[in-house]
Each structure stands twice: as structure tokens, then as C-alpha cells.
Amino acid sequence: MPDREDLEGLVLRNENILYRAALACLGDPEEARDAVQDAFLRLLEKAPALESPEHERAWLLKVTINRCKDRLRFWRRHPTAPLTESYPAAGPEEASAAQAVAALPPKDRLVVHLFYYQGCSVAEIAALTGARAGTVRSRLSRARQKLRHLLEEST
Amino acid sequence: MNAYQRYMESIRLTPEERDALRSALEARSAARRKPSHLPRLAACACGLALLAGLGVGLSQAPEESAAAPDPVQGAVSGAPVLTLDPKATPDARLYAGPDTLETPAEAVPLPWSTPVPSEPVTVIEAHPEDGSGSTDASLVPADPEGGSIFMVDGGAAPSAAADLTLEACRALPRLGAHVPETLPEGFSFASGTSGPDQEGGSWLTLLWSDGALGEVFLSLTQPETPPEPMDVSDPAAYDVRLYERPWSERLPEAVRAGGFADPVFRWEDLTEEVVAARGLPGDGGDAGGLRFTFRVLYPDGVVAAYRIKGLTRSEAAALVLG
């Protein structure tokens, strides 16, 4: 069991990356925080032998995504208010992009987030989400079309 | 999507939220440190009751089998005996782990051929809510630490992926022959996973890491219909050095539609120059070196998808060309 300083380091190293991914998937800040907390707790419980901070982050990201899927499945939770109300965008361009992504289905949102924000490749997303690479590609392609359409509408 | 990136970068947990998270973690982990014997006693009692029930059920089985067949009972009676000890499975030597590194000497059974995973399986997802991906059936470990949680996406017949040692990866029929023999200095094997695909074949993924952010990710598949290979005599279709970023604004539509982002090269056409043409200058991500993305179609129909970060052009060519 890590001491308080280790725990703080663990949280500081990973909190925002995990929180953003959970938020992208769930859309609800409270649910996202719970998913992140679950992921941290699972790491503390399992104490897997992780070679580096990057392995640690990948491990946590995968568990966070699984927790998000659990929550989507069991609670069918969707945001009751636009994400930009919880986190106001800095400008109209950012607001449009955030709203367009938020309008996608949860799994498409997650794939878009991992690809465009996290910088993951299709293969990496497939490994993280448990989907086949072909499924990830089709989700991305479909999401791009929807985003293009939504962004054109907003302008 | 730059605007989306900027928006996401602006989102952070507040110090209060972080403190709440840390406190919750400390509280919950402390609570779990205090073991209670009651749940164990209850579990033992339930287990004994279950065993007693099974004993009665088994003793009555011949008589019951004469009655109307129960499809559930029939399915269960034909299932192999479950074991909770991975080392007790026929394929235990193929599972990654400190004590399972021996290389199989004879023909290697496919790692997912054991019909029932050796650990309890919890299905945590079935049928996507949005209906997409319904034709995609896969059962892969979703839990990086143990593979004890599996996801079913599409609800098709279950099958299982398995973590493998590098030696076991190399020993796989067909796919194993395309695993690179040597990696650049500093890179070491991180993980290997294999499983069945929907076309009756299999897939194999491997990851090597330099311990930091450099990595070589290789995915080997044997698709029923091989992808269309690129004509290497036309570098404009695949050479990343010819176009400035962002490609979303500068890449001709015809080039984009032609598979520029993830081109497929015939193994026979592959040269150092072709591999070098895929190295993105100044875009190695957080790792030094370059980033490479391309696929190789081998004469036996196997497709190798390379995702490389942190190598030089010559290192990447040496890796792929052997």
C-alpha cells in the first residue's frame, strides 16, 4: 500500500488525463470522477508490477475506460446538461468543437477523444477499448462525418 | 480538432476535487485493509452448500437424463472441467509470467484453443447501446492486470484472447514467422496477445518499449480479403515527407482517399526508401526519433501493421526488413 506521498504522486501524474477521457466518454463530471476514483482504487488493490509511469498511465487509462463502459451500461447515464455548462469553453470555436463531440454517441466520443486528444493510434485505441481495429476505424469515420455535419450546422 | 484539444486542455480537477479523490482513496483502501472473517465464513458456508447440492445433483443425473432434455443442463454437462489454477491448464506454458518462459518444443496448440478460460469470466458489456459494431464479435481481456474480465461486443459465440511470451508469439503458426528477430538497441519486449478472428483465422499483437515513450507496436492478421497494396512507384501516394502539416488542410483529396494515412506495401516492394518515406519528421510525439505508420502484405496473406514511435529511418527499415 503506497504512503500518502506516493498516493499524491500517483494522483497528480494521472488525474487529468484519466478525468478527461472519462468525461469524454460519460459527459457527466460526477460520473467521470467516480470512474477515475474506481480506476485508482483498482490499481491500489491490484498493485500490478508496472515498469514505468507510462505503463502506469496506460494501465489506469484502460481500467478507467472499462469503468466508463460499466457505468454506461448499468446506468445509461447521459449528461443532463451540456458539458460546456460544467466547463465553459474559452471561445466560440472551442465551444462548437466541444458541443459537436458531446453530441456523438458515447463510444464514438471516446474514440474521437483517444485519437484526436490523447494521440492514440487506431491499434492503440483497439487495445484500450477491446474493440477490433476495424471497428475503431469505422467509428472514427462515422464520427468524422457527424462532426463535419454538426460543425457546418453550427457555423 | 485543435479547438477540441484546447478545450480539453482547459479541463482540470480542482485542488478540492483532487483532495476529495485522494481522501476517498485513502479511506477506501484503509477500509479494505481491515479484513473481516464474516464474509469468508459466509463464502465457505455457501461453497459447502453448493458442493453438497452438486453432489446430490450428480447422483441424480442418470435418472434426470431420461426425462425431457434441458438445454442448459445439456450444455453444462458437456463443458470441460473448470480450474482456477492457470498453471493447471494445457496451455499454461504459453501464458506470460515469470515462471512460464520456456519455449514449447513441439507443435504449439493455439493459446485460445482451451474452450474455457482458466479464470472466472465476468461479461461486463454486451451489445453496444447505439447499435453500432453489432457484427463485431470479440472476447478479449479488458482487464490489463489479469485478463479476468472479458468484454463481449456483439454477443457472438465467445472466444478468448491470451497473453503470450515472445517465444510463444514466435511459435504461432503463420503469424509467428513475421515477428521481427531483432529490435533496436534499448527496446525490449513488453507484451504479446493473440486470439481468434471472425474469419476462422487469428490475430497477434506485440509491443516493444524502450522504457520511455518509444515503442514498436505490431499487429499481425491474416484477413480473408487482403487489403489493396500501394504502388510504390508513386511516392506522392505515401511519402509523408512530401506534405506539410496539417494534412487535413494540405493533403490532396485523391491522396487521402488512396490510403495515405495507413498504406499497405507488398513485402516484395518494400525497401529502405519506402520505409523511410513513412517516417514523420519532427513528429515522434513525446519520444525522440520519428513516428511510422504503415502495413506490410506478405506473400502468404499475412498483414503486418506497424505503429512505431521513437526510431530513426534506418532503425525502422532494419526492424521491418530484417
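First the proteins, then the strands, lettered A, B, ... as listed; each starts at 1.
If you measure heavy-atom distances from S209(B) to chain A, the contacts under 4.5 Å come from the side chain alone. Interface residue R137(A): only side-chain heavy atoms are found under 4.5 Å from chain B. Heavy-atom distances place no part of L50(A) under 4.5 Å from chain B, backbone and side chain included. Interface remark: A123(A) contributes backbone and side-chain atoms alike to the contact with chain B (heavy atom separation under 4.5 Å). Using a 4.5 Å cut-off between heavy atoms, L147(A) touches chain B through its side chain atoms alone. Only the side chain of H55(A) has a heavy atom closer than 4.5 Å to any heavy atom of chain B. With a threshold of 4.5 angstrom between heavy atoms, R307(B) approaches chain A through side-chain atoms but not through N, CA, C or O. The contact between E93(A) and chain B is made by backbone and side chain atoms together, counting heavy-atom distances below 4.5 Å. Y19(A) touches chain B through its side chain: at least one heavy atom from C-beta onward sits under 4.5 Å away, while N, CA, C and O do not.
How far CZ of R42(A) is from CG of L60(A): 11.5 Å, rounded to the nearest 0.5 Å.
Checked options L204(B), L206(B), T193(B); the residue passing with L164(B) is L204(B) (criterion: side chain to side chain contact (heavy atoms under 4.5 Å, CB included)).
Judged by the 6.0 Å distance and 45° axis criteria, R291(B) is not positioned over the aromatic ring of Y306(B).
In this model, a donor atom of one side chain and an acceptor atom of the other lie less than 3.5 Å apart for R144(A) and Y116(A). Checking Y4(B) against E94(A) by side-chain atom types alone, no donor-acceptor pair falls below 3.5 Å.
In terms of heavy-atom pairs under 4.5 angstrom with chain B, the leader among A98(A), S52(A), G91(A) is A98(A). In terms of heavy-atom pairs under 4.5 angstrom with chain A, the leader among D262(B), T293(B), T205(B), L21(B) is L21(B).
In this structure, F265(B) and F294(B) have tilted ring planes: the angle between them lies in the 30° to 60° band.
Taking P88(A) as the reference, nothing meets the side-chain contact (heavy atoms from CB on, under 4.5 Å) condition, with sequence neighbours excluded.
Using a distance-only test at 3.5 Å, with no hydrogens or angles considered, no donor-acceptor pair links the side chain of R67(A) to the main chain of A39(A).
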